[in-house]
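Lettering follows sequence order; numbering is per chain, from 1. None of these values were measured; they are calculated from a predicted model.
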2 protein chains.
Amino acid sequence: MKKDHKDVSMAVIRRLPKYHRRLKELMEKDVTRISSKELSGMIGFTASQIRQDLNCFGGFGQQGYGYDVSELYTEISRILGLTEHYNTVIVGAGNLGQAIANYSNFEKKGFHVLALFEKNPRLIGLKIRDVPVLDIDELEEFAKNKSVDIGVICTNSENAQDVADQLVKLPVKAVWNFAPVDIILPENIVQENVHLSDSLFVISYLLKMQRDEQQNP
Amino acid sequence: MKKDHKDVSMAVIRRLPKYHRRLKELMEKDVTRISSKELSGMIGFTASQIRQDLNCFGGFGQQGYGYDVSELYTEISRILGLTEHYNTVIVGAGNLGQAIANYSNFEKKGFHVLALFEKNPRLIGLKIRDVPVLDIDELEEFAKNKSVDIGVICTNSENAQDVADQLVKLPVKAVWNFAPVDIILPENIVQENVHLSDSLFVISYLLKMQRDEQQNP
DNA sequence: TAGATTGTTAATCGATTAACAATC
DNA sequence: TAGATTGTTAATCGATTAACAATC
């Protein structure tokens, strides 16, 4: 029996994509089995943590043997929901929106981009890898009779909340926000923020720390 | 006396940019003072956590009053090192590299993009907001006599480690990696990864969970 | 001054690590 | 079988929350 989604902590969930990535690499190297200890060596988590993490979802290993790489990869793919298909729309067809639309790996994993939406007339009408850039005013009409799972916000901060509200009305089930603001969404909508500046500011902090340490050792 | 950088946990550090962002918003609304309780209401951390976080770096508040918004903003900017100037180079001038080069907010915060580097001849010679796109083979020569603080990797996975190695040789002090692989760097180099697919996969997981819950309530 | 709110210590909670019996 | 390694429970560690005296 597969136990899934009990109440697994977000800390564990955020490690799953890394397992997924590493197992993929192992498969490409034709490694067929791996122990938690070996995996620990390459992934940087303790062997204990790896076993704990995996056991949130089921016993995928075998005592005395370890884990079958291919099987574990398949399981984690399933746990992450990568065996499903998702329809997405991207709002904002600037460089970032285009970058995401162009990222063919997402398509491979089942994330299909239906269209990009823009207000800049220069961009409307373009095609990004066969995906049309449409007028933002057409969004509501476009989404009728379609099931849109994920809305991606690639606009500037000023428009992000407006766009979020429009997406919620479609409705979408999740919002992937790249604008550097904290948008407000209904509780039941999955929200994931990618605040690039936060990440850059952490670099800045760490560089400053390093500099200070060199001065006062 | 300002206590900085003792051994503040990464959990705290990763919250700092969010304080920074919210305080900016408050300043724009001409709010001059705020209590940890009020801030808690808008930012979603407990008041207790906010006070704990800030006290890692010093006592910026005043009993009975709260915090001076503008002063706290300035302090957090300083703690994050945003009062410094950083030179950056971006390797990979595709949509993502261009998006980052175009992001004028970074420039405002002191992150100056010296140049982008590309191997695709169609892109070499372009200018992104006055920033030239140069041949990747010119990187080493270009960096001579220049102090490059941050190298940004916007290439595909295949080239990411090579590029990282080149950046380390320049040298750079930090690597900001957008390729969906785990690159290996010397210990003393600051590394920050933005794995977009990880973020998307977490959305996928949460959507799947939500679906499952609706079926087995 | 009285009221409000911090800074800080103590208590709780949760996540990570260690240990080991189960078992392949 | 003996050796290896898991799954799982217990111990530890760290982070968050609660409480309250200090003080503006």
Check: Atom CZ of B:Phe117 and atom CG of B:Leu167: how far apart are they, to the nearest 0.5 Å?
Finding: 9.5 Å

Short N-O contact, [X] and [Y], less than 4.0 angstrom:
X	Y	value
B:Arg33	B:Glu38	no
A:Asp165	A:Lys169	no
B:Lys146	B:Glu140	no
B:Asp198	A:Arg14	no

Check: Does a distance-only test, which skips hydrogens and angles, find a donor-acceptor pair under 3.5 Å between the side chain of B:Gln52 and the base of C:dT8?
Finding: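 No.
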
Notebook entry, point to check: Across the strands shown, which category fits B:Ser48 at heavy-atom distances under 4.0 angstrom: base, sugar-phosphate, nothing?
Noted result: base

Using whole Å, report how far [atom1] of [X] lies from [atom2] of [N].
X	N	atom1	atom2	answer
A:Asn55	C:dT23	CG	P	14 Å
B:Phe60	D:dC24	CZ	P	17 Å
B:Arg14	D:dT16	CZ	P	13 Å
B:Leu54	D:dT16	CG	P	14 Å
A:Gln49	D:dA11	CD	P	20 Å
B:Ile50	D:dA15	CD1	P	18 Å
A:Gln63	C:dC20	CD	P	17 Å
A:Ile13	C:dA15	CD1	P	10 Å

Margin query: A side-chain contact here means heavy atoms from C-beta on lying under 4.5 Å apart; do A:Leu200 and B:Phe106 qualify?
Written below: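 They are in side-chain contact.
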
Item checked: Watson-Crick or G-U wobble mate for C:dG14, both contacts under 3.5 Å ->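 Checking every strand shown, C:dG14 finds its partner in D:dC13, with both distances under 3.5 Å.
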
Item checked: Counterpart base for C:dT23, defined by Watson-Crick or G-U wobble contacts under 3.5 Å ->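 Partner of C:dT23: D:dA4.
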
Checklist line | Derivation and outcome, side chain to side chain contact (heavy atoms under 4.5 Å, CB included), residues B:Val152 and B:Val175 | finding: CA-CA 6 Å; B:Val152 187; B:Val175 170; over 6 Å; no

Note to self: I need the residues from residues 17-45 of chain A with at least one non-hydrogen atom less than 4.0 Å from DNA chain D; give them sorted by number, or say none.
What the structure shows: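 The stretch gives A:Ser35, A:Ser36 as the residues lying under 4.0 Å from the strand, ordered by number.
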
Kindly say if [X] contacts the phosphate of [N], meaning a side-chain N or O under 4.0 Å from OP1 or OP2.
X	N	answer
B:Arg15	D:dT16	yes
B:Arg51	C:dT6	yes
A:Gln62	D:dT6	no

Checklist line | Among D:dT6, D:dT16, D:dT17, the nucleotide that comes nearest once only the side chain of A:Tyr67 is considered | finding: D:dT6

Next item on the list: Could you pick out which residue, A:Val12 or A:Tyr65, lies toward the 5' side of DNA chain C when each is mapped onto its nearest nucleotide?
Entry: A:Val12

